Amino acid sequence: MSTTVRTRYAPSPTGFQHIGGIRTALFCYLYTRKMNGQMLLRIEDTDGSRFVPGAEEYIVESLAWCGIDLDEGPHIGGDYGPYRQSERKAIYQKYVQQLIDAGYAYYAFDTSEELTAMRERLQAAGGSSRMYDAASRMDMRNSLSLPADEVKQLLDSGAPYVVRIKVPIDEDVKMYDEVRGEVVINTKQVDDKVLLKTDGMPTYHMAVVVDDHLMKISHVFRGEEWLPSYPIHVLLYRFLGWEQPKFIHAPLILKPDGKGKLSKRAADKLGFSVFPLAWKHPIKDESSSGFREDGFFADAFINMLVFMGWNPGTTQEIFTRPELIEAFSLDRMQKGGAKFNFEKAQWFNQQYLQAKTDEELADLVLAAAPDAHKDADKTLVTKAVGLMKERMTFVKDFWENALFFFGEPASYDAKVVRKKWKEERIPLFKDLENRLGKLEEFSGEKVEKTVKDFIGETELGFGDVLQVFRVMLAGTMSGPSIFEMASILGREEVVCRMQSAAQAFDAMKAEA
Ligand code: GLU
C-alpha cells in the first residue's frame with residue numbers, strides 16, 4: 001500500500017445523491033487535503049439495471065458546488081482509470097479466476113427456480129442456514145457439490161453461472177474500523193456472496209476490492225450501511241494476498257427525532273430537502289428541490305454537514321474551509337447516528353450571510369433579483385441590504401421582505417388604516433409631512449428626532465404615529481427601523497409616499 005494518502009468517493013449512479021453521500025465525500029475530502037493526499041471519484045455502475053441517466057453528472061455538479069475538488073475521476077482523467085466500473089469489466093475477470101483457481105471462490109449454476117425452491121425448503125425447515133453459506137452450499141448446484149466432469153460440461157456448454165466467494169466455516173473475522181475500532185464477526189453470519197454475475201459483471205464486493213487495490217487507495221470512506229459487507233471485503237483482501245486499506249465508516253444521518261434514517265420521504269414531510277441540488281428524474285415522475293436552490297450558501301451547507309458525524313472538540317461552530325481541513329481528524333468522528341436539524345442548517349446559513357459585507361450581499365441580492373428589479377440601483381440595494389441583513393437567513397429573503405425600497409406599497413395594512421387613520425388626525429400627518437419635507441439632513445437620526453418631536457407636540461401616542469408612518473412608507477407593519485428606512489428612501493420619496501398613502505387611506509375609509 002502506498003504511503004501517500006489516496007482516497008476515493010465511490011457513489012453508484014442509481015439515483016440522485018443524498019446529502020449523506022455528500023457528507024461522506026466531505027469527510028474524505030477534508031482528510032485527504034489535510035494529509036496532502038489525492039482524492040478520486042469512481043463511479044460504481046456495475047448494476048446496469050439500476051442506472052439513472054444524469055446521476056453521474058449530478059454527482060459531479062454537487063461536488064463542484066460544495067467545492068470538493070478532486071484529483072482524478074471520469075470527468076478529469078488520471079493515471080488509475082478508467083474511473084467507471086462498467087469500463088473495467090475485463091480487469092475483474094482475472095482476479096475472479098485467481099480466486100477460483102486458489103479454491104476461494106466457486107461456480108454456482110442454480111437457476112432462479114432452484115434458488116426459490118431452496119429458499120422455501122430452508123424456510124420450512126426453520127433453521128438458521130442461509131441459501132448459500134458453509135452449511136448449505138453442498139446442497140446447491142455448484143462446482144463444490146457437483147462432480148468435476150459435470151462442472152466442466154456445464155461450463156463448456158455455456159450454461160449460465162455466477163461465481164461465489166467460499167466463506168470459511170466458523171472463523172472469527174477481525175475487522176478494523178478507524179471510528180469503531182476492532183469489530184469481530186464470525187463467518188457463520190456471513191454468506192457466500194456473489195462476486196461475478198451471470199452477465200460477467202462483478203458485484204460491488206468484487207469490484208470495490210479490486211479497484212481500491214489497483215487504484216492504490218489507502219483510506220476507504222463510506223457510509224455505515226456498508227459495515228455488514230466489511231467481512232467479505234476483509235476475506236477478499238486476504239484471499240487475493242493484498243494489504244487492505246484503512247476503513248472509515250461514517251455514521252448514518254438520522255431524522256430530526258433520531259428515529260431512523262433521514263429519507264427523502266421523511267424530509268418531504270418535514271418540509272426540507274435531503275439533496276444538495278434540485279433534480280428531476282428523467283423517467284419517473286419524481287423531483288426534488290435542493291439546498292442550493294433553497295438558497296443555502298455552499299460553505300454554510302458544508303459547515304452544517306461536517307457536524308453530522310464529526311465535532312472539533314471545542315465550541316467553535318463556524319469554520320472556514322482551511323480551518324476545517326486543519327481541524328478535521330478521524331479520532332473526532334462519531335460512531336452513533338447524527339440527527340439532522342434543519343433549523344440548525346438555517347442558522348449556519350444566517351451566520352454566513354451576516355458575515356458578508358453589505359457590498360458582497362448587494363451583489364448576491366442583485367443577481368437574484370426578480371425581473372422587475374434587475375436594474376435596481378446598486379447604491380440603494382447596498383443601503384437596503386445593510387438595514388435588512390440582520391433579519392435575513394437567505395438572499396431571497398430580501399426580495400420577499402424589502403420590496404418597499406423600490407416602489408410605493410402595492411397595498412396598505414387595512415387594520416392599521418381602520419384603527420388609526422382618523423379624520424381629525426389627517427391635518428396632523430400633513431404637518432408631519434411638511435416637517436420632514438423641510439428637513440435638510442435626512443439621516444435616520446434626524447428623521448427620528450423630527451418624528452418624536454412631532455409626537456411630543458401633539459396629543460398622539462407613539463403607536464398612533466409610528467404605525468401610520470410605517471404603513472405609509474412600507475404598506476405593512478413588519479420591517480426594519482422605520483427611521484433608517486425613511487432615510488434610505490430619501491426626503492422626496494418619503495414626502496411623495498406620505499401623500500399617496502394619505503389619499504389611499506381616505507379612499508379605503510370611504511369604501512369601508
Ligand atoms: N458504491 C457504493 C454506494 O454507492 C459505495 C460504497 C463504497 O464507497 O465502498 O454507496
Side-chain angles (χ1 to χ4, degrees), residues 5-32 37-52 54-60 62-63 68 70 72-74 80 82-89 92 175-180 183 193-195 197 201-237 240 242 244-253 261-264 274-276 279 308-309 330 333:
V5 165
R6 279 181 57 82
T7 63
R8 87 301 192 277
Y9 177 47
S12 298
T14 51
F16 297 91
Q17 194 67 66
H18 181 277
I19 52 171
I22 299 296
R23 192 276 322 259
T24 301
L26 174 64
F27 288 165
C28 184
Y29 161 83
L30 294 174
Y31 184 70
T32 312
Q38 295 139 15
M39 173 172 171
L40 59 89
L41 173 68
R42 184 174 70 226
I43 298 296
E44 302 210 322
D45 55 352
T46 54
D47 190 352
S49 65
R50 294 179 60 215
F51 177 77
V52 173
E56 178 181 325
E57 291 75 5
Y58 181 87
I59 289 161
V60 169
S62 303
L63 296 176
I68 298 180
L70 301 154
E72 298 160 39
Y80 296 85
Y83 294 94
R84 281 185 201 97
Q85 289 183 329
S86 59
E87 293 164 18
R88 301 171 62 81
K89 188 172 173 183
Y92 309 112
M175 304 172 292
Y176 197 83
D177 174 70
E178 301 300 311
V179 180
R180 290 163 179 77
V183 185
K193 289 265 184 285
V194 171
L195 300 179
K197 296 181 280 184
M201 279 305 269
T203 56
Y204 164 67
H205 306 295
M206 188 67 203
V208 77
V209 168
V210 169
D211 287 346
D212 284 342
H213 174 73
L214 296 182
M215 294 179 180
K216 296 203 167 66
I217 299 302
S218 62
H219 293 73
V220 169
F221 285 81
R222 60 184 180 185
E224 181 184 329
E225 62 275 22
W226 295 106
L227 209 47
S229 305
Y230 192 13
I232 294 286
H233 305 160
V234 170
L235 290 172
L236 283 175
Y237 277 104
L240 288 162
W242 296 337
Q244 72 166 70
K246 291 188 169 30
F247 280 78
I248 299 100
H249 291 91
L252 294 176
I253 296 187
K261 252 171 106 165
L262 178 68
S263 62
K264 174 178 189 305
V274 285
F275 298 94
W279 56 264
M308 298 279 101
L330 300 182
M333 278 181 67

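Both ligands and their constituent atoms are indexed starting at 1 by order of listing. Small disclaimer: the values here were computed from a predicted structure and weren't measured.
Counting protein heavy atoms only, atom 1 (N) of ligand 1 is closest to Glu44 OE1, 2.6 Å. Atom 8 (O) of ligand 1 has its closest protein heavy atom at Arg8 NH1, 2.8 Å. Nearest non-hydrogen protein atom to atom 5 (C) of ligand 1 is Ala10 O, 3.0 Å.
Here the closest heavy-atom approach between residue His249 and residue Leu227 is recorded as ND1-CD1, 3.3 Å. Of all the heavy atoms in Tyr176 and Tyr230, the pair that sits closest is O-OH, 2.6 Å.
Atoms of ligand 1 found under 4.0 Å from any heavy atom of Val208 (numbered from 1 in listed order, with element): 9 (O). Atoms of ligand 1 found under 4.0 Å from any heavy atom of Arg222 (numbered from 1 in listed order, with element): 7 (C), 8 (O), 9 (O). Residue contact check: Ser12 has heavy atoms under 4.0 Å from atoms 1 (N), 2 (C), 3 (C), 4 (O) of ligand 1.
Between the choices Tyr204, Tyr9, Trp226, the shortest heavy-atom distance to atom 3 (C) of ligand 1 belongs to Trp226.
Thr203 places a side-chain N or O within 3.5 Å of a backbone atom of Val194 that can act as its donor or acceptor partner.
For the pair Arg222 and Tyr9, the cation-pi test (distance below 6.0 Å, angle within 45°) is failed.
Electrostatic pairing of Lys261 and Glu224 does not count as a salt bridge here, judged by no charged N lying under 4.0 Å from a carboxylate O.
Gln38 and Tyr80 share no donor-acceptor pair across their side chains, judged by distance under 3.5 Å alone.
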